[in-house]
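To start, the structure under review is shown below, and the notes come after it.
Because the structure is predicted, anything quoted here is derived from the model rather than measured.
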Amino acid sequence: AGAIAEVVRSTGGGDKTVQTVAGHKITEKDLELTVEHFHEEADREGKPFPAKDTAAYRRVEKIALGLLVDQASIRAAAAKLGVQVTEAQVDAKASAPSGESEEGGDIRVEAEAAFGRASARTQLITEAIARKLTAGVTVSAAAVLAGLMGPIHRRAPMRSPSWIDEHYRSDRSPGASYITPDSYSI
């Protein structure tokens with residue numbers, strides 16, 4: 001991980017690089033928008049948000065930078081695997097209605113849009129990596145059931161295969177593969 005992240009510190013200006021991860025530059029503007037997203041989330045939840053130039057605010061900045069580094073690291077790992085996500089895919093995913101309001105001023109709208117795009121990109125990359133790494137892999141329903149129930153079989157009642165199907169269907173995006181009831185062979 002140390003070889004992936006190279007810290008480049010600077011002062012002033014929103015386009016200054018605060019960190020570089022595998023060639024991807026994280027700018028002060030990226031950091032500012034991510035912190036602003038956290039502020040918006042705190043407001044939505046009715047929770048206080050720390051004032052600038054406080055130790056608590058610096059902790060929020062550190063958490064936000066960690067998130068941005070994680071996202072850039074995921075992009076770098078995906079590139080090594082040959083997994084690419086297009087801007088059109090990100091646009092389509094990020095433009096899906098979220099039900100959120102765009103109140104609060106330009107910076108908040110920009111922060112929410114930037115965070116939404118970054119989240120969409122990371123989700124699309126993660127899904128593409130999972131598809132690539134699991135292509136051709138099949139697991140029997142019995143193995144799935146054993147994996148789900150093995151550690152807790154003594155403490156919880158056995159759940160039916162229909163529960164597994166319902167669980168996996170509700171957690172998958174359209175077009176994703178999942179176990180269907182007719183594939184059970186218990």
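Under the 4.5 Å side-chain heavy-atom criterion for grouping Ile, Leu, Val, Met, Phe, Trp and Tyr, Phe38 is connected to Tyr57 within one hydrophobic cluster. Tracing side-chain contacts under 4.5 Å through hydrophobic residues (I, L, V, M, F, W, Y), one never reaches Val144 starting from Leu133; they form parts of separate clusters. Val21 is connected to Ile63 through a chain of hydrophobic side-chain contacts under 4.5 Å among Ile, Leu, Val, Met, Phe, Trp and Tyr, so both are in one cluster. Each of Leu67 and Val90 belongs to its own hydrophobic cluster when Ile, Leu, Val, Met, Phe, Trp and Tyr are linked at side-chain heavy-atom distances under 4.5 angstrom. Hydrophobic clustering, with ILVMFWY side chains joined whenever heavy atoms are under 4.5 angstrom apart, keeps Ile129 apart from Val69.
Arg59 meets the side-chain hydrogen bond (donor to acceptor under 3.5 Å, both in side chains) test with no other residue; sequence neighbours excluded. Checked against salt bridge (Lys or Arg N to Asp or Glu O under 4.0 Å), Glu45 has the following partners two or more places apart in sequence or in another chain: Lys47. Under the rule for a side chain to side chain contact (heavy atoms under 4.5 Å, CB included), the partners of Gln89 that lie at least two apart in sequence or sit in another chain are Val85, Thr86, Leu124. Residues forming a side chain to side chain contact (heavy atoms under 4.5 Å, CB included) with His24 (at least two apart in sequence, or on another chain): Ile26, Ala72, Arg75. Looking at residues two or more places apart in sequence or on another chain, you find a side chain to side chain contact (heavy atoms under 4.5 Å, CB included) between Glu36 and His39, Ile107, Arg108, Ala111.
Counting heavy atoms from C-beta on, the side chains of Lys16 and Lys25 never come closer than 4.5 Å. Under the 4.5 Å side-chain criterion, counting only non-hydrogen atoms from C-beta, Glu110 is not in contact with Glu32.
Between Glu61 and Arg58, no side-chain nitrogen of the basic residue sits less than 4.0 Å from a carboxylate oxygen of the acidic one, so the salt-bridge criterion is not met.
To the nearest 0.5 Å, the span separating CG on Leu68 from CD on Gln19 amounts to 9.0 Å. Note that CD of Gln71 and OG1 of Thr34 are 7.0 Å apart. Values are rounded to the nearest 0.5 Å.
Inspection of the Ser73 and Asp70 side chains reveals no N or O donor paired with an N or O acceptor under 3.5 Å.
Shortest non-hydrogen contact noted between Ala143 and Val139 is CB-CG1, 3.6 Å. Here the closest non-hydrogen pair linking Thr20 and Thr17 is OG1-CG2, 3.5 Å. Nearest heavy-atom pair across Ala120 and Ala94 is CB-N, 3.9 Å.
In this structure, the side chain of Lys132 does not engage the main chain of Val83 through any donor-acceptor pair within 3.5 Å.
Residue pairs meeting the ring pair (Phe, Tyr, Trp, His ring centres under 6.0 Å) criterion with at least one partner in residues 113-136, sequence neighbours excluded, are His37-Phe115.
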